[in-house]
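Labels below follow one simple rule: chain letters A, B, ... track the order of the sequence lines, proteins then strands, and each chain is numbered from 1.
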Amino acid sequence: MNNMSEFLKAYIDGELPADQMQKVEQALQRDASLRAEFDQLRRISSTFRESAVTPVAAGLDKTLTALKKKPIVKRSPLLRIAPAVGLAFAGCLALVVVNQWMGRQPKFDDEVPSALPRHHKGKADSNREVALNNVQFGADYDDTIVVRAPADRSAGGGLSKAQTRSLQEDPSMTPPAAWDNSGTQKNGITLNSRAVSGHALPSIPEEEAVTAKKIVKTAQLALTVSNGKAASDAATKLATRVGGYVESSDLTGDDEQGMTGNLTLRVPVAKFQQAMTELQKLGKVTGVSSNGQDVTAAVADDAARLNAMKIQEQSYLKILTQAKHIDDVLAVKDRVDNVQQEIESLTAELKTMSKQADMSTISLTVNQKPAVKKVAAAGPAKDDWLNKSWNTAFTGLASAGKTLAQAFIFFVVFCPVWIPLVVLANLLARRMRLAS
Amino acid sequence: MQAVHEKSVVNQPLDISEIARTHYDCVFRFCARRIGVDLAADAAQETFLTAQRVLGKYRGDAPLKTWLLGIAHNECRRLARKRKLEPASLEFRQDPSVSPESTWVDQQALAQAMAKLSAEHREAVILIELDGLSYEEAGAVLGIPAGTVKSRIHYAFVTLRRALFVSGVEA
């Protein structure tokens, strides 16, 4: 076989250029084996072309009918569900926007200041107040909380020293921001003695608790205010409104250098919580402490002694009427005088304690920062609109990003809702397409 | 076909029904030789439905018949892969009226030799010998150069010749 054999099939098929055709013809004339190979190839080719069965075509009508129907555009499944998924995301976005618009979003930044007065509010908290005889917070709300149960409730709901110590050492108890309206701290610790001890305390109405118990309440409150004079006036009006009075008032300084004021307010103990709550609204609370001294036992003791003294006085007076000798009369009279002095002393002491328990004391300190002089804009006016535009745009971008992130979270969380809807819509659309 | 080709060149809209009437037989035979007569109608219909969808992309660079056979080629491969089909066996008719030359090769031996060819060589032989395409048209259908078709057909015939003559199978 020479090198011309590779051109033989192409020669048979007429697929060679003219010059190569001529070369193959010349080679075929010269070479007998090449001619034999050519002959074999030609016979194979002839067998294919002449004796192979030609299939008879069928199905043209069916094809023409299929072609007359509206062609079904095949799309990938992702493209088919894309509009529905986009609609679902748009719905989530709308949900977020509406939610923000209605102001239902929790404002975590505001939680610390707003949470501060919550534990003083309402009658429901009065029980906790009795349990919390001494609560102190510093300016940054990181001071320790001392929880002490009343002496007469120690059997039912008081705290042991170990419990008190454990609460003092517990760092989770420090921020008042974690309190809620029900008196329960968010991490699960309730600041009344009920949850700590595991025993329930009977709920005592505020008025009853005040009359049943004699607690001398004092509180110190430090505020940073924008206007010291206005805050001082507001505090005075508040004291008067709740039935109290201003025991002392001292306001120094001016608007430029700053102002400091110290006020001592006496308010009825029943209005103590209200007064504290309203005072804290006058400015930014930088320090608050509340102290309750339980004088119930002392009052009861004095009352009992007073009773005994009165009985003793009656006895002495009876003896005095029966005395016949002057020495006896003088001796008994001396005893009567002593008893009466003690009675008067005890009565005065009881009145004082009762008065102290009736009117709580609030020491208010207001601080007004020195006014910051407005410095004239350093640059030309055109810089202002540039900076403002930049800040507005940046804030808008951040807000849009936050909104989109929230929408995405909604989108993911709500997937059990929208995925079945998308599948259903897809199936319906497909069925409608096929029906049409 | 030429008329249809000219229409596409002047950017006139092509009528798929007219194209189907013109080329259906050719496409059907092409499919029947690859996946059998039973599935050829389905493959041919799918070929024209696909052509209908992508007709706008036909620019007239190649003859319409070649373009359709290219689609049919892909459709047959897809169907064969999907239904795990073996290559259709080659059938010859026993007709005494045909030229005596056609009896020079044993048809059964030729069919067996064809079945032993590789897919590429077998495809080249069918396109050239049975479908009657030129090397260039076959290259267009397969998406390969005409020179490659030439090479494949050469080696396919060398194999067939050896199987039929060198090993002593000759009738």
Check your understanding: side-chain contact (heavy atoms from CB on, under 4.5 Å) between B:Leu164 and A:Gln40: does it pass, once the steps are laid out?
Key -> CA-CA 9 Å; B:Leu164 293 170; A:Gln40 290 168 350; over 6 Å; no

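- If you measure heavy-atom distances from B:Val27 to chain A, you find no contacts under 4.5 Å at all.
- For A:Leu16, the part sitting under 4.5 Å from any heavy atom of chain B is the side chain, from C-beta outward, and nothing else.
- For the atom pair B:Phe48 CZ and A:Leu67 CG, the distance stands at 8.0 Å (nearest 0.5 Å).
- Surrounding OH of B:Tyr155 are at most 12 heavy atoms belonging to other residues, nucleotides or ligands under 6.0 Å away.
- Contacts between B:Ala20 and chain A at a heavy-atom distance below 4.5 Å involve backbone atoms as well as side-chain atoms.
- Summarising the geometry, atom CG belonging to A:Leu60 is positioned 10.5 Å from atom CD belonging to B:Gln45; distances are rounded to the nearest 0.5 Å.
- In this structure, the side chains of B:Glu91 and A:Thr54 stay at 4.5 Å or more apart for every pair of heavy atoms.
- A salt bridge does not link A:Glu6 with B:Lys150: none of the charged nitrogens is closer than 4.0 Å to a carboxylate oxygen.
- Using a 4.5 Å cut-off between heavy atoms, B:Ser134 contacts chain A through both its backbone and its side chain.
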Practice item. Test side-chain contact (heavy atoms from CB on, under 4.5 Å) on A:Glu37 and B:Phe165 and set out the steps. Key: CA-CA 10 Å; A:Glu37 188 181 345; B:Phe165 298 101; over 6 Å; no

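- In terms of heavy atoms, A:Ala58 sits closest to B:Ala41 at O-CB, 3.8 Å.
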Review point. Given the rule in the side-chain contact (heavy atoms from CB on, under 4.5 Å) test, do B:Ile128 and A:Arg49 qualify, once you have shown the distances and angles that lead to the verdict?
Key: CA-CA 10 Å; B:Ile128 302 300; A:Arg49 297 186 183 194; 4.1 Å; yes

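- Atom CD1 of A:Ile44 is separated from atom CG of B:Asp106 by 11.5 Å, given to the nearest 0.5 angstrom.
- We find the CG-NE2 distance between A:Leu41 and B:His154 to be 9.0 Å, quoted to the nearest 0.5 Å.
- Counting only N and O atoms by type, the side chains of A:Ser45 and B:Glu129 include a donor and acceptor under 3.5 Å apart.
- Around the CD atom of B:Gln108, the shell of radius 6.0 Å holds no more than 12 heavy atoms that belong to other residues, nucleotides or ligands.
- Only the side chain of B:Leu130 comes within less than 4.5 Å of a heavy atom of chain A; its backbone N, CA, C and O stay farther away.
- Among B:Val37, B:Leu110, B:Ile16, B:Asp25, the residue with the largest count of heavy-atom pairs under 4.5 Å with chain A is B:Leu110.
- For a residue to count as touching a neighbouring chain, one of its non-hydrogen atoms must lie under 4.5 Å from one of that chain's; by this rule B:Leu49 touches chain A with backbone and side chain alike.
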Practice item. Apply side-chain contact (heavy atoms from CB on, under 4.5 Å) to A:Phe48 and B:Met114, showing your working. Key: CA-CA 11 Å; A:Phe48 274 125; B:Met114 272 289 284; 3.5 Å; yes

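- In B:Arg78, the CZ atom is crowded: over 12 heavy atoms of neighbouring residues, nucleotides or ligands sit closer than 6.0 Å.
- Only the side chain of B:Phe28 comes within less than 4.5 Å of a heavy atom of chain A; its backbone N, CA, C and O stay farther away.
- Counting heavy-atom pairs closer than 4.5 Å to chain B, the top-ranked of the candidates A:Leu8, A:Val56, A:Leu64 is A:Leu64.
- Atom OH of B:Tyr135 is separated from atom CG of A:Asp13 by 3.5 Å, given to the nearest 0.5 angstrom.
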